[in-house]
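Single-structure report; data block below.
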Amino acid sequence: MSDGGGNDRAPRFPLLLDRMGRAGVTTKPRETLRPQRPLHEAAKDAGRQAVPLGLGLDSASVRRQMVQRLRVEGLRCEAVAAAMHQVPRHLFVDSALAIQAYEDTSLPIGHGQTISKPSVVARMLELLFDGAQARASGHLGRTLEVGTGCGYQTALLAQLAPRVVSIERLRPLFDKACVHLMSWRLDRVRLIHGDGMLGHGPNAPYDSIIAAAGGDELPLAWLDQLAVGGRLVAPSSRPGGRGQVLVVVDRNEAGCVRSEHEAVHFVPLRSGIA
Ligand code: SAH
């Protein structure tokens, strides 16, 4: 199960699978996106929910409604919309919370972590899909995800990319994601229990890198492992304790170009494994 990366552990899925330069900063201030919310609030809400319009959660209609709402809120990328319509989010959360799975809300996934709210996932994937490589090829290419969590976004990435390496530092969540993704395009996905701050050298470079947890700085390993033409999307702290923003880094022949987007509020990026 070891992937040759120290503490890394990867399930033996059948695999088809197989630095920082100049910086220009632009800021597009928008409202703060909150992918996470306190666990006690989510748990309390669970008891109050009804299945939307009396439909079963397995119904594609429920997902279609979610995607329609995302479109109204600004989702334009058809590939991301199709992926979100395809992946049953309720199968990635605790059954007691499944009824809330198609609301635009974050939900607890255990161990103090949460599945990000659909609108934030959609926004990040849309930003990723707007990178040079993705625009040219129509897919995300070799993709690295940091923070597998329950595996929902991993399943979306598997719709959008031919190869996905996803790293989770918490063993119980890694195990949970393995179960959730057991039947989900396994030929494309490689799950790793490891420290995503180190990226994953053996499969680098990546055309797309996406992180679901934010630190003070973007780890240098991510920038090192970003392919020319590739794009990175991650939450990162603004200087001076002014919260987090979504940061996009595009790598070209000359180096890396960084831009800042919406204010966000993600769980912290932590080093090491547990
Ligand atoms: N996209 C996930 C969101 C999970 S929350 C989902 O759909 O469920 C963010 C995750 O990042 C948490 O599971 C947390 O354990 C993980 N994380 C934080 N720091 C990490 C690191 N250095 N390496 C790997 N995973 C990390």
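Positions are given from 1, in the same order as the sequence printed here. Order of appearance sets the numbers: ligands from 1, and atoms from 1 within every ligand. These numbers were taken from a predicted model, which means no experiment stands behind them.
At a threshold of 4.0 Å, the pair Arg231-Asp250 counts as salt-bridged, since one of the basic side-chain nitrogens sits closer than that to a carboxylate oxygen. The pair Arg135-Asp130 counts as a salt bridge, with a side-chain nitrogen and a carboxylate oxygen less than 4.0 angstrom apart. Between Arg123 and Glu262, at least one side-chain nitrogen of the basic residue sits less than 4.0 Å from a carboxylate oxygen of the acidic one, meeting the salt-bridge criterion.
Counting heavy atoms under 4.0 Å from ligand 1, residue Ile109 touches it through the side chain alone. The backbone and the side chain of Ile115 each have at least one atom closer than 4.0 Å to an atom of ligand 1 (non-hydrogen atoms only). The backbone and the side chain of Leu269 each have at least one atom closer than 4.0 Å to an atom of ligand 1 (non-hydrogen atoms only). In Thr148, the part holding a heavy atom less than 4.0 Å from any atom of ligand 1 is the backbone. Only the side chain of Gln113 comes within contact range of ligand 1, with a heavy atom under 4.0 Å; no backbone atom does.
Between the side chains of Thr114 and Ser106, no donor N or O sits under 3.5 Å from an acceptor N or O. For the 3.5 Å distance criterion, the side chains of Asp195 and Ser271 fail to qualify, holding no donor opposite an acceptor.
Scanning both residues, Pro219 and Leu269, for their nearest heavy atoms gives CG-CD2, 3.9 Å.
Close approach of ligand 1 to Ala213 is summarised as follows: ligand atoms under 4.0 Å from at least one heavy atom of the residue are 11 (O), 18 (C). Near Arg270, meaning under 4.0 Å from any of its heavy atoms, are these atoms of ligand 1: 18 (C), 19 (N), 20 (C), 21 (C), 22 (N). Close contacts of ligand 1 with Gly149, meaning ligand atoms under 4.0 Å from a residue heavy atom, involve 4 (C), 8 (O), 13 (O). When each atom of ligand 1 is checked for a heavy atom of Leu170 under 4.0 Å away, the hits are 15 (O). Atoms of ligand 1 lying under 4.0 Å from any heavy atom of Leu173, numbered from 1 in the order shown and given with element: 13 (O). Set against the non-hydrogen atoms of Met197, the atoms of ligand 1 under 4.0 Å away are 22 (N). Within ligand 1, the atoms closer than 4.0 Å to a non-hydrogen atom of Gln153 are 1 (N), 7 (O), numbered from 1 in the order shown. Atoms of ligand 1 found under 4.0 Å from any heavy atom of Thr114 (numbered from 1 in listed order, with element): 3 (C), 4 (C), 5 (S).
For the pair Trp222 (side chain) and Gly196 (backbone), a donor-acceptor distance under 3.5 Å is present.
Inclusion of Arg169 in the set of residues having an N or O under 3.5 Å from an N or O of ligand 1 is warranted. Considering backbone and side-chain N/O atoms, Ser116 never comes within less than 3.5 Å of an N/O atom of ligand 1.
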Evaluate side-chain hydrogen bond (donor to acceptor under 3.5 Å, both in side chains) for Glu145 paired with Thr154, printing each intermediate quantity in order.
CA-CA 7 Å; Glu145 178 188 42; Thr154 319; 2.6 Å; yes
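In this structure, Pro268 has a heavy atom closer than 4.0 Å to ligand 1.
Because its NZ or CZ atom is not both nearer than 6.0 Å to the ring centre of Tyr206 and within 45° of the ring axis, Arg142 does not count as a cation-pi partner of that residue.
In this structure, the side chains of Pro88 and Arg63 come closer than 4.5 Å at one or more pairs of heavy atoms.
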